[in-house]
Amino acid sequence: MVTTLGSGESGGSVYIMDTSGAIDFPAVSPNADGRLERVASFDRTVWTADCNSDGTQVVLGTNNGAALLNLETGALSWLHRCKSDILSQQFVHSGNVVLCGLRNGSIVPIDVRQRHSSLSSSLTSPITTGPTVPMLSARHNARGRNQSDKAKSSRVIRMSSAVCSLVALSSDEHYFLGSSMDGLIKLFDLRLIRKGAIQYYAGHVNSHTHLPLVVDPSETLLMSGGEDCTVRIWSIKTGEQIYAHSVPDGLFTALCWPESGHGLNGFSSLFDVNHSWGAWMGSRDGLFYMHGT
């Protein structure tokens, strides 16, 4: 799944990309050689999105709230309306709950199984076979919205700055990690929301850029990289920083910890055979691989 932010008078869009075969990136056309299909476009900014594990639902974070798109039926519904941009989202492993991270520092867990208000009917776009969906005004159905959002407010988690990354642990979906743009990284338990964070991961220097998070396949290690161009690894359980490496001018905005023993095409990776760990890191300068001893 690929989403676009939108610009000017046009809003964001959702695309599905076929990655079953190798892609020659230097020769890729604007539609990725026919592999990129637009399934929906919208009349507002789409900041972020996530897809559930079985590929049937997509949750969208916009400048007016969170919406749920059913890829099988095309149905679209509001999950949460707010005045703050939703910058990060993450389905928990079961797909029953989605975590939404807002620019104002709030993290809102939403049960997608509950009944939510439907959006208005779709309008056909002149530039795509998929629907262009006019999402309802924030003032539409204000009474129902206020009651619903008031009920959710008791489950809101607060961070000190804009929430830029969320990672739910698959080993126990009650636990999830969150990072904010001021460099803070915390571990939360959905059962203990009022208690606040149950673990902290200190060391990063950050103020205004995206702070990515990634965990290793065993879910024992957490990696991130901040504006100080330093990649750090912590123990998820203890919060202890166990690795730090500075990369001059290396501002990494994307991290990927591949499944152990598998490369990009499902073959045994040549990179992690003789290393204790290895991860991919992406920046404006390219794609890099960092590994342990």
Side-chain angles (χ1 to χ4, degrees), residues 46-52 57 59-68 78-114 116 138 145-204 206-215 219 222-224 226 232 234-239 255:
V46 177
W47 287 105
T48 185
D50 191 30
C51 187
N52 65 354
Q57 293 181 314
V59 65
L60 304 162
T62 77
N63 56 319
N64 289 110
L68 185 70
W78 276 116
L79 295 178
H80 179 67
R81 293 184 178 89
C82 54
K83 296 181 180 180
S84 182
D85 298 329
I86 296 182
L87 302 181
S88 55
Q89 289 177 317
Q90 173 81 77
F91 272 106
V92 301
H93 185 65
S94 66
N96 295 330
V97 174
V98 63
L99 305 168
C100 297
L102 280 63
R103 187 184 295 276
N104 65 11
S106 300
I107 301 175
V108 183
I110 303 170
D111 191 333
V112 300
R113 297 168 296 180
Q114 294 180 356
H116 301 281
R145 178 202 65 200
N146 291 338
Q147 291 175 348
S148 175
D149 290 353
K150 184 177 181 180
K152 295 187 182 78
S153 65
S154 62
R155 291 176 54 81
V156 171
I157 301 164
R158 307 289 182 184
M159 294 194 75
S160 55
S161 182
V163 182
C164 46
S165 292
L166 293 167
V167 175
L169 300 184
S170 60
S171 57
D172 188 335
E173 64 180 33
H174 293 108
Y175 295 98
F176 71 93
L177 295 152
S179 70
S180 54
M181 286 191 183
D182 58 2
L184 294 181
I185 303 174
K186 300 179 181 180
L187 176 68
F188 298 93
D189 186 337
L190 284 171
R191 298 163 298 187
L192 303 171
I193 286 180
R194 294 186 178 182
K195 181 180 178 180
I198 60 174
Q199 189 58 271
Y200 297 81
Y201 307 92
H204 264 332
N206 215 72
S207 62
H208 62 278
T209 60
H210 177 72
L211 191 62
L213 299 177
V214 65
V215 299
E219 296 191 337
L222 163 67
M223 173 185 284
S224 185
R232 293 179 172 85
W234 297 266
S235 164
I236 293 179
K237 182 177 181 179
T238 67
L255 301 171

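With sequence neighbours excluded, no residue forms a salt bridge (charged side-chain N to carboxylate O under 4.0 Å, His left out) with D172. Annotation: salt bridge (charged side-chain N to carboxylate O under 4.0 Å, His left out) contacts of D85 (sequence neighbours excluded): R103.
The side-chain heavy atoms of L184 and Y200, taken from C-beta on, include no pair separated by under 4.5 Å. Residues L87 and C164 have side chains not in contact (no heavy-atom distance under 4.5 Å, counting atoms from C-beta outward). By the 4.5 Å heavy-atom criterion applied to side chains, W78 and T62 are counted as neighbours. Side-chain contact check for V108 versus L79: every heavy-atom pair is 4.5 Å or farther apart. Looking at heavy atoms from C-beta onward, Y201 lies out of side-chain contact with S179 at the 4.5 angstrom threshold. At least one side-chain heavy atom of L211 sits under 4.5 Å from a side-chain heavy atom of H204. Put simply, the side chain of F176 does not reach to within 4.5 Å of the side chain of V92, judged on heavy atoms. Under the 4.5 Å side-chain criterion, counting only non-hydrogen atoms from C-beta, F188 is not in contact with I193.
Closest non-hydrogen pair, H93 versus S170, comes out as ND1-CB, 3.9 Å. The heavy-atom pair separating I86 from W47 by the smallest distance is O-CB, 3.1 Å. What you find for H80 and C82 is that their closest heavy atoms are NE2-CB, 3.8 Å. Closest approach of S180 to M159, counting heavy atoms only: OG-CE, 3.7 Å. Taking every heavy atom of both residues into account, L255 and S224 meet most closely at CD1-CA, 3.6 Å.
Under the 3.5 Å distance criterion, with hydrogens and angles disregarded, a donor-acceptor pair is assigned to the side chains of N104 and S106.
Here the straight-line distance linking atom CG of N96 with atom CD of Q114 works out to 11.0 Å at 0.5 Å rounding. Atom CZ of F91 and atom CG of L166 lie 13.0 Å apart (nearest 0.5 Å). With rounding to the nearest 0.5 Å, the separation of CG in L177 from CD1 in I236 is 5.5 Å. Atom CZ of residue R155 and atom CG of residue L190 lie 6.0 Å apart, to the nearest 0.5 angstrom. Put simply, CG on L213 and CG on L222 are 5.5 Å apart, with the number rounded to the nearest 0.5 Å. Here CD1 of I107 is found 12.5 Å from CD of Q89. Values are rounded to the nearest 0.5 Å.
A donor-acceptor distance shorter than 3.5 angstrom exists from the side chain of S88 to the backbone of V163, with no hydrogens or angles considered. Not one N or O on the side chain of Q57 forms a donor-acceptor pair closer than 3.5 Å with the backbone of L68. Side chain of Q90 to backbone of D50: no donor-acceptor contact under 3.5 angstrom is found.
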